[in-house]
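These notes are about the structure you will find just below.
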Amino acid sequence: MVKPIISPSILASDFANLGCNCQKVVDTGDVEWLHLDVMDGHFVPNISFGAPIISALRKQFPKTGDKPIIFDCHMMVSDPEKWIEDIAKAGGDSYTFHFEATKDPNSIIDLIKKHGLKAAMGIKPSTPIEEVYPYADKLDMVLVMTVEPGFGGQKFMADMMPKVEKLRAKYPHLDIEVDGGLGKDTIQPAADAGANVIVAGTSVFKPEDPKEVTSFLKSTVEKAIESRSK
Ligand code: DX5
Ligand code: ZN
């Protein structure tokens, strides 16, 4: 059975206080992952940050200890093969490349695994879910974007949910991540469709009390998983 996972996107944090902001969401006790949005200004029309920031953040959340925070690296970059080594060295755990950014997903997946990272593939809103099927057995996770990648704070696209439903029906044990516009108002359809990894930027980093949001998101996903297993 899949687990409910909340992966707050640091894109919505105050970068001048990145460490404290992340600590605050981790201290909710609901957060086991951090979602790190790397953008190159080419695959998407925005630049965010890269491996140096990830490695700085890793110093605050070391891989040692009984429950290290998983660094979920969402690579919105052209030529995704270029950055695998850097992200591995910086302390990433999972590397999500975009299907649209490569002609050869198989060799990217192999290279990611060779570097000891979990391999995930993301699809933009215009990409049909069927494109994922040939690779799903090799992947640790599939990311179904629920906004156009590039910016935080956009509106959740509920019309992506049939893609999640189809994928969940075929792969009951796969981690399925949704990213973009997720919060208390939009979590229910995502959880019902079968997503178990929830990226949330604005909804988690902006409020004074993140715990209220993270626990709501997590329990909604948990209940949906339970009701599917009956
Ligand atoms: C968008 C990024 C998202 C974004 C989500 O390109 O991939 O991870 O930060 O932010 P919210 O939750 O604010 O939509
Ligand atoms: Zn993302």
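Between P4 and N196, every side-chain heavy-atom pair lies at or beyond the 4.5 Å cut-off. Residues S48 and L11 have side chains in contact (heavy-atom distance under 4.5 Å, counting atoms from C-beta outward). Here the side chains of H74 and H98 are in contact, with some heavy-atom distance below 4.5 Å. Counting only heavy atoms from C-beta outward, the side chains of L217 and V221 never approach each other to under 4.5 Å. The side-chain heavy atoms of D30 and K211, taken from C-beta on, include a pair separated by under 4.5 Å. Using a 4.5 Å heavy-atom threshold, the side chains of P105 and T102 count as touching. Using a 4.5 Å cut-off on side-chain heavy atoms (C-beta onward), H42 and V77 make no contact. Between I54 and F49 there is a side-chain heavy-atom pair separated by less than 4.5 Å.
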Q: Report the C-alpha separation of V164 and I176 in whole Å, then their side-chain angles, then the decisive distance to 0.1 Å, and conclude whether the side chain to side chain contact (heavy atoms under 4.5 Å, CB included) test is met.
A: CA-CA 8 Å; V164 175; I176 302 180; 4.1 Å; yes

Q.
Walk me through whether F156 and L182 qualify under side chain to side chain contact (heavy atoms under 4.5 Å, CB included).
A. CA-CA 6 Å; F156 174 74; L182 272 307; 4.0 Å; yes

Q: For Y95 and M121, run side chain to side chain contact (heavy atoms under 4.5 Å, CB included): C-alpha distance rounded to whole Å, both residues' side-chain angles, the deciding distance at 0.1 Å, then the answer.
A: CA-CA 8 Å; Y95 191 103; M121 186 164 84; over 6 Å; no

Q.
Let's go through D72 and T96 carefully: what are the C-alpha distance in whole Å and the side-chain angles of both, what is the deciding distance for side chain to side chain contact (heavy atoms under 4.5 Å, CB included) to 0.1 Å, and is it a yes or a no?
A. CA-CA 8 Å; D72 166 29; T96 304; 4.1 Å; yes

Q. Are D37 and S9 close enough, and set up right, to give a side chain to side chain donor-acceptor pair (under 3.5 Å), and what steps lead you there?
A. CA-CA 7 Å; D37 284 308; S9 164; 2.7 Å; yes

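With respect to D175 and K118, no salt bridge is recorded, no charged nitrogen being found less than 4.0 Å from a carboxylate O. Salt bridge annotation for D209-K24: absent, with no cationic side-chain nitrogen under 4.0 angstrom from a carboxylate oxygen. A salt bridge is absent between E130 and K163: the closest approach of a Lys/Arg side-chain nitrogen to an acidic carboxylate oxygen does not fall below 4.0 angstrom. We find that K3 and E222 are not joined by a salt bridge, their nearest charged nitrogen and carboxylate oxygen being 4.0 Å or further apart.
When all heavy atoms of E100 and G122 are compared, the closest pair comes out as OE1-O, 3.8 Å. Heavy-atom minimum distance, T202 versus G152: OG1-C, 4.5 Å. Closest heavy-atom contact between P80 and F97: CB-CB, 3.7 Å. For the residue pair Y171 and Y133, the shortest heavy atom distance occurs at OH-O, 3.6 Å. Contact detail for G201 and A12: the closest heavy-atom pair is C-CB, 3.3 Å. Counting all heavy atoms, side chain and backbone alike, M76 lies closest to V44 at O-CG2, 3.8 Å.
Annotation: salt bridge (charged side-chain N to carboxylate O under 4.0 Å, His left out) contacts involving residues 79-91, sequence neighbours excluded, comprise E85-K89.
Judged by distance alone, the side chain of K113 and the main-chain N or O of L139 form no donor-acceptor pair under 3.5 Å. With hydrogens and angles disregarded, no donor-acceptor distance shorter than 3.5 Å links the side chain of R58 to the backbone of A90. Of the possible donor and acceptor atoms, none in the side chain of N46 sits under 3.5 Å from a partner among the backbone N and O of G41. Side chain of T186 to main chain of G181: a donor-acceptor pair is present (N/O by atom type, distance under 3.5 Å, no hydrogens or angles). A donor-acceptor contact shorter than 3.5 Å is absent between the side chain of D179 and the backbone of V199. A donor-acceptor pair is defined here as one N or O able to donate and one able to accept, closer than 3.5 Å; no such pair exists between the side chain of S203 and the backbone of A200. The main-chain N or O of G180 is found under 3.5 Å from a side-chain atom of T146 such that the two form a donor-acceptor pair. Q154 contributes a side-chain N or O that, together with a main-chain N or O of E148, makes up a donor-acceptor pair within less than 3.5 Å. The backbone N or O of L174 lies less than 3.5 Å from a partner atom in the side chain of R168, making a donor-acceptor pair.
Annotation: the span from I10 atom CD1 to L18 atom CG amounts to 4.5 Å, rounded to 0.5 Å. Separation of atoms CD (E177) and CG (D140) is listed at 12.0 Å; rounding is to 0.5 Å. Atom CD in Q60 sits 9.5 Å away from atom CG in L34 (nearest 0.5 Å). In this structure, CG in N21 is found 8.5 Å from NZ in K206, a value given to the nearest 0.5 Å. The CD1 atom of I198 lies 13.0 Å from the OG1 atom of T214; values are rounded to the nearest 0.5 Å. Atom CD1 in I84 sits 11.5 Å away from atom SG in C73 (nearest 0.5 Å).
No continuous path of hydrophobic side-chain contacts links V197 to M157 [ILVMFWY only; heavy atoms under 4.5 Å]. Two different hydrophobic clusters hold I47 and L57 under the rule that ILVMFWY side chains link at heavy-atom gaps under 4.5 Å. Residue V38 is grouped with residue F15 when hydrophobic side chains (ILVMFWY) are merged at heavy-atom distances under 4.5 angstrom, including chains of intermediate members. Residues V132 and M141 are members of separate hydrophobic clusters, defined by side-chain heavy-atom contacts under 4.5 angstrom among Ile, Leu, Val, Met, Phe, Trp and Tyr. Under the 4.5 Å side-chain heavy-atom criterion for Ile, Leu, Val, Met, Phe, Trp and Tyr, I112 and M75 are members of the same hydrophobic cluster.
The cationic group of K124 lies under 6.0 Å from the six-membered ring centre of F43 and within 45° of the ring axis, placing it in a cation-pi geometry.
A 6.0 Å sphere centred on NZ of K114 holds no more than 12 heavy atoms belonging to other residues, nucleotides or ligands. Within 6.0 Å of CH2 on W83 lie no more than 12 heavy atoms contributed by other residues, nucleotides or ligands.
In this structure, H115 has no side-chain hydrogen bond (donor to acceptor under 3.5 Å, both in side chains) partners at least two apart in sequence or on a different chain.
Side-chain contact of S107 with D104: a donor-acceptor pair under 3.5 Å is present, judged by distance alone.
Using bins of under 30°, 30° to 60° and over 60° for the plane-to-plane angle, the ring pair F71/F61 lands in the perpendicular bin.
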